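If you read the sequence from its start, that first residue is 1, and numbering goes on from there. We count ligands from 1, going down the list as the structure has it; atoms in each ligand are counted the same way. All of these numbers come straight from a predicted model, not from anything done at the bench.
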Amino acid sequence: MRANVHSLAVFAVGVSAIVSEDGTGRLPAMGWASWNEYACDINETVFLRVGEVLVDLGLKDLGYEYVNIDDCWSDKMKRRDENGRIMPNATMFPRGIKGLTDDILAMGLKMGIHSDSGTGTCLKYEGSLYHEKVDAETFAEWGIDYLKYDNCNVPEEWEDDYPYWPDRPDLFVEPPPRYDYSISKNAIRYRRMRDPLLSLNRTIQFSMCIWGGAPVERWGNETGHSWRMYGDITPLWGGRDPTGWGVVAMLNQAAMHWNDTGFWGHNDWDMLEVGNGELTYEESRSHFALWATMKTPLIIGTRLEGIKDEILAILENKELIAFNQDTVYDDSVMPFNLDGPIPETTANITRTVSHYVGTSVAGIHVFLLNGDDEDGEMSIEFSEVPGLESSKTTTFIVHDMWTGEDFGLFTSSFTVDVKSHDTATLRFTTSCGRHPNPEWMPSQTQPDEILRKSAR
Ligand code: GAL
């Protein structure tokens, strides 16, 4: 008999989520994926080396466990065998995906793969629409632990009646009042893969690559473990390029959705570009710190062989990883003290949301992002910081999560030098080193309180 390893659970707040006995998906996933750095230039050796390096560098021990094959792994010509099973490209993967997966699992890691909820991936490799059951079963037989499920090549009859894509306002069609997007065709197509995955005798993390479509944050929890919230990321700070959006555009969008994430279901702001393209050291630090504290999956997207020490140190920051993987507090950081409305995401956006606050078992944390093109000082008054303002004390030990050292004991306010595009990562505890306000979570702070502060 098959073990019933996962179920749809309904929480007290009325949200249903996929809950698995082995804990899969409770916390944001951590791992590595091929797309950002290798695109289609992949083969079995790439993934075997990644597995070895994850182990050798100690990244596996820090929690980076998934080795994810992104697009382009299947046989574009033959597509499926006589049993309807997707065929791996035999040149790239001479031992099939199973041969590679066996080796990756033997390293104590997990294996991820990519498919698509349409008839083909974005690069027109085989998709899973109408083959969901056989594909889920095939992936399970190969030993796959993570499925990234994309949204390209959707036949016209499967397109939404009321399209909504956050980065394509031109395509928006107003739905009827109180329209429930969980009945949209997007939602149905993703459920068509969720159901066979749930009936497997293997837990496969279901990562929905749906670019924020059909407001997925409203029905994502009952459908998968994480959901992409926007178009593709690209290794730029501000603005965008033909392949995607820079970090600032993502951050501004994320600021509006900080409260749509929690245990068992996570917003996904896309794979990390830390170490890639034009991002400076400071920009890479901000990117990682805010992804970690927004509780987005931490999927490394850079070449690991020959990685620079300073980039590796960012990815290895234990305190930021601990915030991301906290087993007690599940809230993302929350923006506060906004000086004006959250900037709308546009191609030329350069302005950033600069103040974020959150909580973890280690204390209350404040993140100060210097979006200016100049280095500068950033200050906070403790009476204006949610979580600190309701603490019993006004004197705190302020700790630097980058260096792992304390700045010292401060009363009422704190000022720090922050380089252009860098982020100060601060942890606050009481003068005895205790959590200053264990009862407080960002989601208990009412949105109108945030707005009231922003209006000042
Ligand atoms: C996009 C997806 C990217 C990558 C690419 C592969 O839709 O957002 O992360 O997977 O497809 O073609």
Are the side chains of T121 and D150 in touch, meaning some heavy atoms are under 4.5 Å apart?
-> no
Shortest non-hydrogen pair, W264 vs A17, comes out as CB-CB, 3.9 Å
Do the side chains of W142 and P88 get nearer than 4.5 Å, heavy atoms only?
-> yes
Do the ring planes of Y66 and Y146 sit parallel (below 30°), tilted (30 to 60°) or perpendicular (above 60°)?
-> tilted
Taking the six-membered ring for Trp, are Y230 and W245 parallel (under 30°), tilted (30 to 60°) or perpendicular (over 60°)?
-> tilted
Per the under 4.0 Å non-hydrogen criterion, ligand 1 touches W35, D70, D71, H114, C122, K148, D150, C209, W211, R228, D232, M271
Residues G212 and P166: closest non-hydrogen pair is O-CD, 3.4 Å
